[in-house]
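Order of listing sets the numbers, starting from 1, for every ligand and every atom in it.
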Amino acid sequence: MKHLLCLSQWTSEEINETLKMAEKLKYENKNGIRHNHLLKGKSLGLIFSKSSTRTRVSFEVGMYQLGGYSMFLSSNDIQLGRGETVSDTAKTLSRYLDGIMIRTYKQSDVEELAACGSIPIINGLTDSQHPCQILADLQTVKEYKGKLKGLKLAYVGDGNNVANSLLIGCAKVGMNISVATPQGYECDKTSVILAKEAAADTGAVVVTSNDPHEAVNNADVIYTDTWVSMGMESEKEQRLSIFMPYQVNKQLMQRAKDDAIFMHCLPAYRGFEVTEDVIDGPQSVVFEEAENRLHAQKAVLVKLMG
Ligand code: CP
Ligand code: NVA
């Protein structure tokens with residue numbers, strides 16, 4: 001049985017196949033070709049311990065379009081939020097459902113869910129990883145650039161869950177990635193090691209630094225994310241001043257290639273990690289990126305539950 005806990009556990013081949021499936025499902029969706037036989041009669045539980053717009057809606061609609069059923073389970077409303085163990089939750093829900101997507105804090109909780117349950121588990125974001133987002137991002141880059149291998153993606157900002165997963169995802173598909181974060185806000189060491197291991201197989205170049213200008217030089221893709229992730233609200237004031245030199249604005253964009261695209265997983269905070277003229281400007285592809293959450297995740301669901 002296969003899970004999606006961290007992209008490091010998927011081979012380059014599996015990722016590329018999933019991207020192809022996502023492309024096919026998107027084509028079918030746009031052309032009125034129904035594919036509601038693919039997960040007919042299957043049920044997916046969606047456990048959320050943090051807020052969500054895109055992940056929740058794209059999983060719910062995705063399951064519907066594949067002919068299955070999904071159930072939103074806020075952790076406030078299920079016994080998990082009152083102290084029932086992850087292990088008992090996994091064993092119980094495995095008796096009803098065909099798969100679970102979970103958005104929570106600790107990556108270890110997602111791993112425990114997978115270890116104790118007997119159905120596929122999908123990581124819908126933890127403090128350390130956001131694999132579903134990165135599959136949609138890779139699909140988006142492929143659409144705009146026609147390929148992945150050999151391109152350069154620059155991530156500027158917080159070394160958070162999205163940055164960690166981008167490191168691994170890019171390395172797995174042979175895309176060069178340069179991450180620039182302030183000192184003390186680097187990506188986690190394990191993700192950097194996993195990315196470098198993957199890069200050794202694909203030929204990707206993985207660079208981490210504290211220099212945003214160097215990172216975006218000649219990049220094909222500029223990517224940023226919020227400076228204050230869910231669960232870090234108490235650090236907001238301090239972070240906003242430290243991160244200001246890492247804002248993606250017009251001047252920074254000018255160091256990238258002329259045809260570079262701007263990406264952001266959303267939700268975005270204009271005037272902080274990105275200026276309005278960039279995110280709402282001609283190089284931005286953020287809403288196509290958001291749409292691709294639907295197609296990429298449907299491909300994941302078919303792969304794991306089909
Ligand atoms: N990008 C993303 O995961 O968005 P949501 O928090 O709205 O799900
Ligand atoms: N890094 C952000 C991503 C939100 C989709 C967070 O964890 O809040």
Give me the nearest non-hydrogen protein atom to atom 2 (C) of ligand 1 as residue plus atom name, then the distance to 0.1 Å. Arg293 NH1, 3.2 Å

Starting from atom 7 (O) of ligand 1, find the nearest protein heavy-atom neighbour and note its residue, name and distance. Thr53 N, 2.7 Å

Kindly compute the distance separating OG (Ser165) from NE2 (His130), expressed to the nearest 0.5 Å. 8.0 Å

Ignoring hydrogens and geometry beyond distance, is a side-chain donor-acceptor pair present between His35 and Lys298 at under 3.5 Å? yes

Starting from atom 8 (O) of ligand 2, which protein heavy atom do you reach first, and at what distance in Å? Met230 N, 2.8 Å

Taking the ring centre of each residue, are Phe243 and Tyr185 less than 6.0 Å apart? yes

Look at Lys50 together with Asp127 and state whether they make a salt bridge at an N to O cut-off of under 4.0 Å. yes

Side-chain heavy-atom pair Leu294, Gln65 within 4.5 angstrom cut-off: yes

Please work out, at 4.0 Å between heavy atoms, whether the side chain, the backbone, both, or neither of Leu266 comes within that distance of ligand 1. backbone

Establish, from distance only, whether the side-chain atoms of Ser128 and Asp188 form a donor-acceptor pair under 3.5 Å. no

Just do the salt bridge (Lys or Arg N to Asp or Glu O under 4.0 Å) check on Lys26 and Glu288 with the steps written out, would you? CA-CA 11 Å; Lys26 182 171 184 175; Glu288 200 66 29; 2.9 Å; yes

I'd like to check which ligand 2 atoms, numbered from 1 as shown, lie under 4.0 Å from a non-hydrogen atom of Leu125. 3 (C), 4 (C), 5 (C), 7 (O)

Do Glu112 and Thr85 meet the criterion of a side-chain donor-acceptor pair at a distance under 3.5 Å? no

Candidates Asp225, Asn160, Thr53; heavy atom nearest atom 3 (C) of ligand 2 found on Asp225

Give the atoms of ligand 1, by number and element, whose distance to some non-hydrogen atom of Cys265 is under 4.0 Å. 1 (N)

Under 4.0 Å from a heavy atom of Leu266: which atoms of ligand 2 are those, numbered in the order shown and with their elements? 5 (C)

Quick note on ligand 2: atoms under 4.0 Å from a heavy atom of Ser229 include exactly 1 (N), 2 (C), 6 (C), 7 (O), 8 (O)

Taking 4.0 angstrom as the limit and counting only heavy atoms of Asn161, give me the atoms of ligand 2 inside it, by number and element. 1 (N), 2 (C), 6 (C), 7 (O)

Side chain, backbone, both or neither: Arg56 near ligand 1, heavy atoms under 4.0 Å: neither

Describe, in one word, how the ring planes of Tyr155 and Tyr223 are oriented to each other, choosing from parallel (under 30°), tilted (30 to 60°) and perpendicular (over 60°). tilted

Residue, atom and distance of the protein heavy atom nearest atom 4 (O) of ligand 1 read Arg54 NE, 2.9 Å

Identity and separation of the nearest protein heavy atom to atom 6 (O) of ligand 1: Arg103 NH1, 2.8 Å

